[in-house]
Visitor: 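Just dropping this structure here.
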Amino acid sequence: MAAPSGRGLWAALVRVALLCAAARAAGQPSAAEFDVRPGGEVHAFSRSLEDYTCTFTYSAQGGTNEQWQMNVGVSEDNQLFSCSVWRPQGKSYLFFTQFKAEVKGAKIEYAMAYSQAAAGGQSDIPLKQEEFEVTETTVAHREGKFRFELSKLMIVARTPRDEL
């Protein structure tokens, strides 16, 4: 799976907005704040909701701790799991050497990574498609292509369906 580009970008953004709205409608979303810590060590933060888990793993350099947030949600029909990881203040000033977000219990339908999160009148700025890769269960930096800036990740994943 790849991030959208060109003319398909608007259609994908509308689709993801609808998917995220559906995922938020579940009534039991879970939000948690955590510190992204520089120092070059690999750190991880996870949140689970029902049968689904989102784990954000990273390594960063420079500055001091930044407060970030992770939200997870499941749609009312239990078909979508969403995970968002971002810096609510907008742009991160840390130098990310690596990142990966992984979902368990669902397959990624849409994912996007941003160098700047919308805050204080600023807009989201997506990473270039060559900077990250998306698989069925992960969104991760692309070695040698990622430009070390990360402020937000969004994932919408489809949950397994029980067939009658």
Side-chain angles (χ1 to χ4, degrees), residues 1-4 12-13 15-61 64-92 94 96-119 124 126-127 131-143 146 149-164:
M1 160 172 256
L13 289 175
R15 182 174 180 218
V16 101
L18 293 172
L19 289 171
C20 287
R24 280 194 294 263
Q28 292 185 353
S30 174
E33 292 184 351
F34 65 100
D35 282 337
V36 169
R37 301 181 300 250
E41 295 180 25
V42 175
H43 298 281
F45 184 81
S46 294
R47 294 297 291 171
S48 295
L49 186 61
E50 298 180 17
D51 297 328
Y52 316 107
T53 302
C54 182
T55 302
F56 175 59
T57 306
Y58 69 91
S59 177
Q61 293 282 4
T64 59
N65 291 0
E66 289 182 347
Q67 199 167 59
W68 282 52
Q69 187 170 350
M70 178 184 284
N71 281 32
V72 293
V74 178
S75 62
E76 286 181 11
D77 62 6
N78 205 38
Q79 291 189 16
L80 299 173
F81 172 68
S82 66
C83 175
S84 299
V85 179
W86 79 96
R87 183 166 194 253
Q89 294 80 11
K91 187 163 179 62
S92 173
L94 296 177
F96 283 82
T97 55
Q98 64 179 356
F99 76 85
K100 178 173 82 171
E102 180 176 15
V103 295
K104 290 188 179 171
K107 291 184 179 179
I108 294 175
E109 181 96 358
Y110 177 86
M112 184 56 80
Y114 301 87
S115 62
Q116 177 177 296
D124 284 339
L127 294 182
E131 291 185 74
F132 67 102
E133 58 190 345
V134 180
T135 69
E136 283 189 345
T137 58
T138 64
V139 180
H141 74 286
R142 191 169 275 156
E143 196 72 40
F146 175 55
E149 292 182 304
L150 183 68
S151 293
K152 181 178 181 179
L153 289 170
M154 285 180 40
I155 297 171
V156 178
R158 187 155 304 278
T159 62
R161 285 195 200 168
D162 291 333
E163 298 294 326
L164 297 178

Visitor: So, using side chain to side chain contact (heavy atoms under 4.5 Å, CB included) as the criterion, who are the partners of Glu131 when residues are at least two apart?
Guide: Leu127, Lys128, Phe146, Arg147

Visitor: Looking only at non-hydrogen atoms, find the nearest pair between Ala106 and Thr137 and report the distance.
Guide: O-CG2, 4.0 Å

Visitor: Does either side chain, that of Ser46 or that of Thr53, offer a donor lying less than 3.5 Å from an acceptor on the other one?
Guide: no

Visitor: Of all residues at least two apart in sequence or in a different chain, which pass the side chain to side chain contact (heavy atoms under 4.5 Å, CB included) check with Asn71?
Guide: Ala31, Gln69, Trp86

Visitor: For Gln98, does its backbone N or O pair with a side-chain atom of His141 as donor and acceptor, under 3.5 Å?
Guide: no

Visitor: Would you check, one step at a time, whether the test side-chain contact (heavy atoms from CB on, under 4.5 Å) holds for Phe96 with Val36?
Guide: CA-CA 10 Å; Phe96 283 82; Val36 169; 3.9 Å; yes

Visitor: Rounded at 0.5 Å granularity, tell me how far CZ in Arg87 sits from NZ in Lys152.
Guide: 14.0 Å

Visitor: Please report the closest heavy-atom contact between Ala119 and Pro88, naming both atoms and the distance.
Guide: CB-O, 3.5 Å

Visitor: Between Leu153 and Phe99, is there a side-chain heavy-atom distance shorter than 4.5 Å?
Guide: yes

Visitor: Can you name the closest pair of heavy atoms from Ile155 and Ala111 and give their distance?
Guide: CG1-CB, 4.2 Å

Visitor: Taking atom NZ of Lys91 as the centre, does the number of heavy atoms from other residues, nucleotides or ligands within less than 6.0 Å exceed 12?
Guide: yes

Visitor: Working to the nearest 0.5 angstrom, can you tell me the gap between Asn78 CG and Glu50 CD?
Guide: 5.0 Å

Visitor: Once side-chain hydrogen bond (donor to acceptor under 3.5 Å, both in side chains) is applied, do any residues pair with Ser92, and if so which ones, sequence neighbours excluded?
Guide: Glu66

Visitor: Is a side-chain N or O of Ser59 found less than 3.5 angstrom from the main chain of Gly40, in a donor-acceptor match?
Guide: yes

Visitor: Which residues pass the side-chain hydrogen bond (donor to acceptor under 3.5 Å, both in side chains) test with Ser115, sequence neighbours left out?
Guide: none

Visitor: For Phe45 and His43, what are the C-alpha separation, side-chain angles and deciding distance, and is it a side-chain contact (heavy atoms from CB on, under 4.5 Å)?
Guide: CA-CA 7 Å; Phe45 184 81; His43 298 281; over 6 Å; no

Visitor: Atom CH2 in Trp68, atom CZ in Arg37: separation rounded to 0.5 Å?
Guide: 13.5 Å

Visitor: Can you tell me how far apart CD (Glu41) and OG1 (Thr97) are? Round to the nearest 0.5 Å.
Guide: 11.0 Å

Visitor: For Leu49 and Pro29, which heavy atoms make the closest approach, and how far apart are they?
Guide: CD2-CA, 4.3 Å

Visitor: How far does OH of Tyr52 sit from CG of Leu80, to the nearest 0.5 angstrom?
Guide: 9.5 Å

Visitor: Which heavy atom in Ser151 sits nearest to a heavy atom in Ala117, and how many Å separate them?
Guide: CB-N, 3.6 Å

Visitor: So how far is it from Met70 CE to Phe56 CZ, rounded to the nearest 0.5 Å?
Guide: 7.5 Å

Visitor: For the residue pair Asp35 and Tyr58, what are the closest heavy atoms and their distance?
Guide: O-OH, 3.4 Å

Visitor: Residues two or more places apart in sequence or in another chain: which of them pass side chain to side chain contact (heavy atoms under 4.5 Å, CB included) with Lys107?
Guide: Glu136

Visitor: Return the set of residues passing side chain to side chain contact (heavy atoms under 4.5 Å, CB included) with Gln79 (not counting sequence neighbours), or none when no residue passes.
Guide: Ser75, Asp77, Arg158, Thr159, Arg161

